[in-house]
Amino acid sequence: MNDTWQWLEDSALEIAPRLLNCRLVRTIDGHQLSGRIVEVEAYDQTDAASHSYKGRTPRTDVMFGPAGHLYVYFTYGMHYCCNVVVGRPGEGAAVLIRALEPLTGLPQMQVNRHGRPESELTNGPAKVCQALAIDRSMNGHELTQAPLLLEQQPALPPSAIVQTTRIGISREQDKPWRFYVRGNAFISKP
DNA sequence: TGCCTGATGTTCT
DNA sequence: GAACATCAGGCAC
């Protein structure tokens, strides 16, 4: 064990805003695709909207593992969404990556996204996965390893972060567990 | 511009 | 058999 992910070993609610401004770097076929995280949502086991709410299952196994791993799930029959596992092993907490601001590899992302305009490459959780070619084969991937890395960046000041209720869920809709970078053009639609 | 709906697979009840 | 942390295209206004 190492202390690489010590900064992720706190509650999802604490970690979610700290993931804003961090970078996600994906390597595909020698291309480097990267983006800055600009929108996230927190989920944990006490939360009825979370996959971990009903306990550990084969599907949610990764969520109950150590922090710093990727939890990828398939939804609505056609989309993948990716989460960063946080907290201590057994907590079942994760932070959903909802949107990125593309930094490098935009042409490759555009290919993955079927020629969508730059502003619509990564402004939604399923779009992020599509642009970075993340699928279920990367479930459980540790984010210190190629081909997908999470790079910590300085935390944003609270004044740069907006906290609101979450999007696209049917339970616990009143929990203000969504965080995004104030004024950023790449967050998903309200 | 904004609402509505179809597509589609995995998971759990 | 229904729910689902979604997206994109079509249609009405």
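In this text, all values refer to a predicted model and were calculated from it rather than measured experimentally. Chain identifiers are assigned alphabetically (A, B, ...) following the order of the sequence lines, protein sequences preceding nucleic acid strands; residue numbering begins at 1 within each chain.
If A/V128 and A/R171 are placed on DNA chain C by their nearest nucleotide, the residue sitting closer to the 5' end is A/R171. In terms of position on DNA chain B, the residue among A/H79 and A/R136 whose nearest nucleotide sits closer to the 5' end is A/H79.
Of the side-chain N and O atoms in A/R56, none sit less than 4.0 angstrom from OP1 or OP2 of B/dT11. Between B/dT10 and A/T75, no contact under 4.0 Å exists linking OP1 or OP2 to a side-chain N or O. Between A/S170 and C/dA5 there is a side-chain N or O to OP1 or OP2 distance below 4.0 Å.
In this entry the distance linking CZ of A/R178 with C1' of C/dA5 reads 12 Å, nearest Å. For A/Y53 and C/dA3, the OH to C1' distance is 16 Å, given to the nearest whole Å. Atoms CG (A/N83) and P (C/dT6) sit 11 Å apart, rounded to a whole Å. Taking atom OH on A/Y80 and atom P on B/dT10, their separation rounds to 8 Å, with Å as the unit. Here the P atom of nucleotide C/dT6 and the CZ atom of A/R113 are 14 Å apart, to the nearest Å. Following rounding to the nearest Å, A/H51 (NE2) and B/dC12 (C1') show an atom-to-atom distance of 11 Å. If you measure from atom CG of A/N139 to atom C1' of B/dT11, you get 13 Å, rounded to the nearest angstrom. We find that NZ of A/K127 is positioned 9 Å from C1' of C/dA8, with the value rounded to whole Å.
With C/dG9, C/dC7, C/dC4 as the candidates, the nucleotide lying closest to the side chain of A/R116 is C/dG9. Proximity note for A/M78 (side chain, C-beta onward) versus B/dA7, C/dT6, B/dT13: the nearest is B/dA7. With distances taken from any side-chain atom of A/Q130 to the nucleotides C/dA5, B/dT13, C/dA8, the minimum falls on C/dA8.
A side-chain N or O of A/E39 and one of A/S188 form a donor-acceptor pair less than 3.5 Å apart. Side-chain atoms of A/T104 and A/S34 include a donor-acceptor pair closer than 3.5 Å. Donor-acceptor pairing under 3.5 Å is lacking for the side chains of A/Q163 and A/W177.
Taking a pair to require two hydrogen-bonding distances under 3.5 Å in either a Watson-Crick or a G-U wobble arrangement, B/dT11 pairs with C/dA2.
At a threshold of 4.0 Å, the pair A/E120-A/K127 does not count as salt-bridged, since none of the basic side-chain nitrogens sits closer than that to a carboxylate oxygen.
Both thresholds, 5.5 Å between centres and 30° between ring planes, are not jointly met by A/F74 relative to the base of B/dG9, so the two rings are not stacked. Here A/Y76 does not count as stacked on C/dC7, because the ring centres are not under 5.5 angstrom apart with planes under 30°.
Among the protein residues, A/A126 comes within range of the sugar-phosphate backbone only, with heavy atoms under 4.0 Å from sugar or phosphate atoms but none that close to a base.
Judged by the 6.0 Å distance and 45° axis criteria, A/R166 is positioned over the aromatic ring of A/Y43.
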